[in-house]
Structures are given as structure tokens and as C-alpha cells.
Amino acid sequence: MAKITFIEHDGTPHCIEVADGTSLMQGAVSHNVPGIEADCGGAMTCGTCLVSIPPEWLEKAGRRSDEEAQMLQFLGCAADNVRLSCQLIASPDLDGLCVHVPESQG
Amino acid sequence: MSDLTIPPELFAPVWNPASYKHREAVEDIFTTLRRDYPLAKVEVPGYDPHWVVTKYKDVREVSRLDEIFHSGDVSKTPVSKMAEQMLKDYSGGQPHIFRTLVHMDKPDHTEYRNVLKDIFMPQSIATLESSVRETVRGYIDRMAQKTECDFADEFAMLYPLEVICNLIGLPKEHHAIMLRLTQWFLSYADPDLCRPGSKLDDPEHQVRTWQIVYDEIKAYYDPVIADRQAHPRQDVASLIANGKINGKPMDERGMISYFVIASTAGHDTTAATMGNTMWILARNPELLARMKADPKLIPGFVEESIRISTPPMAFIRSATQDYELSGRQIRKGDRLYVSYLSANKDEEVFDDPFAFKPDRTPNRHIGFSYGSHICLGQHLARLEMRVLWEELIPRLESLEMAGEGKWQESEFVCGPKSVPIRYTMK
């Protein structure tokens, strides 16, 4: 179980618990976190579950797969700390992580 | 507290293909349902009872929870109990003749989707832009040689057909075969588009037509499959023909069905949206003037056209367990008629929902559905529509209807079959 805080682009925080092994996107959608649209349900084809994570958490969050990197490049999200939340899997390592939802998903 | 049971006489036209020639009347039924029966059951004589899911929030929830609300356990479209029994007889126990992505659940759905996933990723589709643009310019140049045309029949039904057939790897002279089979399949009840000889008043004709479509698609694709297995090329046909499911070759029904969905859903829906959008433009000179003045609105125009048109109007799901949805107790085994057409007009989500607003923000429509079954071809459809309007709108100097448009008579995938227009072009 990891406690994850999603911060909307207007600053509203949403603190939720995400079960180990499930994606942050799944957690956000089941808790109705605004801005995590996740149209494709985690198939990595829509790019509507973007979050940015603080640089100090990058290593714990794990590396992007080639597919995720290609999708992010296509979306014009070059920054290292932007991720698809469907590809971030909850574990005790991510407990306390705080992510930002971009304005484009407001 | 709104009512739990929808009067069958209010709902029955929704399942009657002939109702759709008066599209507004069907939209009115859903407006009433959203207001008075937002999530309620209906028992239409001859059919199993169904929950009718009309609200945007509920449609998203059901679509997202794909392990609770299965896609493959009952017919995807409303068929009578008698027709469903026939489907089972034909298919050896399945409630469908076809076994496409639409009819599958996890884990098969993921495995089958992965066969074409990469080629339909947005970054792959983006590489097609110049060739799609070249294709649409050909149609626009031919349109410019005249001053009147039937935009549905002469343009919308042909251009996305050409794009998808090229992508599949079919020669141009075979594109018309795919159009004919698509219309037999998806417009089985329209008197102008249905299979000749099929009896519209025979309750068995729908099932029989689908079986014939399956057989004809199989007859067409069997040699294509053999060719691509022997000599793979860079095309969708080669990906399907050599596709592996759990490391093994696809079974016959899965493979033929994959070709069915690629060759039909891959163009018919886009054609429906384009035809309807032209119909809207031709009746709305202010909208055309606005779009000519501000081409940056085109991506929003495309999204709004999809929301307004919503060509695949509904799918049926069934519950694998008890679930409480918006205060209603859904029971294991219950069927749900999930209406994207209604959800995309939900007044609580879309302000003035029947108005066409290219600058609608946000526009989180679910015209491509939502969740793991979201349209595989959504990025291709968007590309085809964006380049169409980018190329056509600047060249249109005047535009009006040249007669009455006509909707298809179809309760499943629906768009206009005729959009006669008169125009002047640069």
C-alpha cells in the first residue's frame, strides 16, 4: 500500500491509498481524482494520465519503458519527470509520493 | 427518486432500426430517459430485460470496469432471445458470430489487441499524415470539378475506406467489395444498403446476413492470409495473418473476425461522422465562416463532430458479479445497454448538448468509448478527419444542401446515407 498525493493544476490535493501492484492511474480513477482521464484504461495509447513527479523520486519510480518514452516524446513531454501514471506501479517504495497533474488534463 | 422500470413503449423505438431515419426522435427518447429514468430497466417483449445506461458518469464507470461488466458473454447488440439462440447455433455456443476485439474480455482482449497495438499508436499514425493528406486531396480535387455531389455516398463512404484498405494492404479494385460487405454487416436493416434478398421483416435475416458476411469475408481473406503468411509485407494484413496469441497462431474465427473489424469498423464510423458533419456545415453558414476564419479550431471541430455524431451508438455488457451503480443494484448476469449516444448528450456534462461548438472546452466525449475497449483506430480517425477539414474548408467558397439528407436505418452504427450538397470551390 502506498499513500499517493495527486495535486490538481489549481493546487487541490487528493491523498489516496493505492494497493501494491496496481497502477497510480488505477488508484486515481477509482478515487475519482480529477484530471486523470485515462481514456484507454492503461493500454498506453491515449496519453491522458500524465503526471509529473519530483526529481528525487525518479529513481524509485523506475525507468520508462521504450513504449512509454515514445508516447511521451509524441506528446511533446520531453522532461524526465513526466510519466504516464498507468505505468507507475504502487509499492512501499512509492509511499508518500506526491505527483502533479498537468494543466492540459484540467 | 426516479422510476426503476422504463415503459417498453417509450424505449422500444431505440431498438428498431427504422426509427433512426428520424434521428431527432431517438435523441428525444434519450433526453427523456436521462431526465426520468437515468438508470432503469426495460423489458421489451421478446428480449431479455436490460438496464439502460444513459448518463455519462455511469457509461464511463461501466466501460471502465471491464472485468465486472463483460463484453463477451452476451450479444453486443440488442437481439431477440430467438436471434441469440440462432447466433449460438451458428457459432457453436457463442452469443456472437464474430469474435472481434469488441466481443472479448481479458486476457484474450489484451492479447488480440496487442497484435495491432503498435501500428495504431498515435506516434505510428502520425507518420501516415502525408499519404492520408494526398488521398483526401484526390477526393477534394474530384469534388471541385462539380458543383453538386452526394457527400455521404461519393466522398465520406469512400475516402476512409481507401485509407484503411491501403493500410490493410488491399488493392484498389477490391475496396468496393469491402464497402459492400460493411454495409451488409452494419446496415443490415437499411432498405437501401442491406444485402439484396435479405428480408427485413424476417427476424432471422439479421443473423443469416451476419453469417453470410462472415463467410464472404473468409472467402475473400483466405488467399490474402495464405499470401501474407508465405510473404509477409509491411501491412496490417501481414500483422493479423501472422499474429500470435499466447505464442500460438490465431484461431480461424479470431483471425477472420479481426479482418472483419479492420475492414468494416475501420472506415464506416469515420464515414458516418464526416457525412453528418458536412450535413451540419451545409445548414450552418456561420459555422463554415467561423471555421474558414480560424483554422486553429479544426481539432476542436473534429472532437465536437465525433461527440455529436457518435456513430457506434451503444454496446451491451453483462455483469459478472453484483454491483451497485448510482444507487441501483445490478445483479450478476444482468444485461446493460450502454448508450454512448446518450452519454455524449448528457446535459450535466455538456452544456447545451445539441449545439455544435468547435470551441467546447473541455470536450471529454466518449465517442470512441472509454477504458480498455477504447477504439483502436481513434488516432487514425482523428487524423483522417483533421486533414479532410484542413484541406476542404479553405477551398469551400459557398455551401448549401441541395436536397434532403437521409439517415441510415440502423440501431447500432448509424450515420447519414445521403448528404446532397451544392457548392462552389477554389
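Quick caveat: nothing in here was measured; it's all calculated off a predicted structure.
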Between chain A and chain B, which N and O donor-acceptor pairs fall under 3.5 Å? A table would be great.
unit_1	atom_1	unit_2	atom_2	d
A:Glu37	O	B:Tyr370	OH	2.8
A:Glu37	OE1	B:Arg60	NH1	3.1
A:Glu37	OE1	B:Arg60	NH2	3.2
A:Glu37	OE2	B:Arg364	NE	3.2
A:Asp39	O	B:Gly371	N	2.5
A:Ala43	O	B:Lys117	NZ	3.2
A:Thr45	O	B:His379	NE2	2.6
A:Gln105	O	B:Arg364	NH2	3.4

Which region of B:Pro122, side chain (C-beta onward) or backbone (N, CA, C, O), has a non-hydrogen atom less than 4.5 Å from a non-hydrogen atom of chain A, or is it both or neither?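 Interface part for B:Pro122: both.
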Just to verify, what does B:Phe120 make a ring pair (Phe, Tyr, Trp, His ring centres under 6.0 Å) with, not counting sequence neighbours?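 Scan of B:Phe120 (ring pair (Phe, Tyr, Trp, His ring centres under 6.0 Å), adjacent residues dropped) gives none.
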Is any side-chain heavy atom of B:Ile164 closer than 4.5 Å to a side-chain heavy atom of B:Val236?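 Not in contact.
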So do A:Val82 and A:Leu75 actually touch side chain to side chain, heavy atoms under 4.5 Å?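 Contact flag for A:Leu75/A:Val82 side chains = no.
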Residues 49-60 of chain A, side-chain donor-acceptor partners within the protein, below 3.5 Å, at least two apart:
none

Using every non-hydrogen atom in the two residues, find where B:Ala319 and B:Ile330 come nearest and quote the distance to one decimal.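 Heavy-atom minimum between the residues: CB-CG2, 3.9 Å.
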For the residue pair A:Asp20 and A:Pro92, what are the closest heavy atoms and their distance?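 Scanning both residues completely, I find the closest heavy atoms to be OD2-CD, 3.6 Å.
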Pick from A:Ala38, A:Gly42, A:Cys40: which one has the most heavy-atom pairs with chain B under 4.5 Å?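 Of A:Ala38, A:Gly42, A:Cys40, A:Cys40 has the most heavy-atom pairs under 4.5 Å with chain B.
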Going by the salt bridge (charged side-chain N to carboxylate O under 4.0 Å, His left out) test, which pairs reach into residues 42-53 of chain A, not counting sequence neighbours?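 Counting only pairs at least two positions apart or across chains, no salt bridge (charged side-chain N to carboxylate O under 4.0 Å, His left out) contact touches residues 42-53 of chain A.
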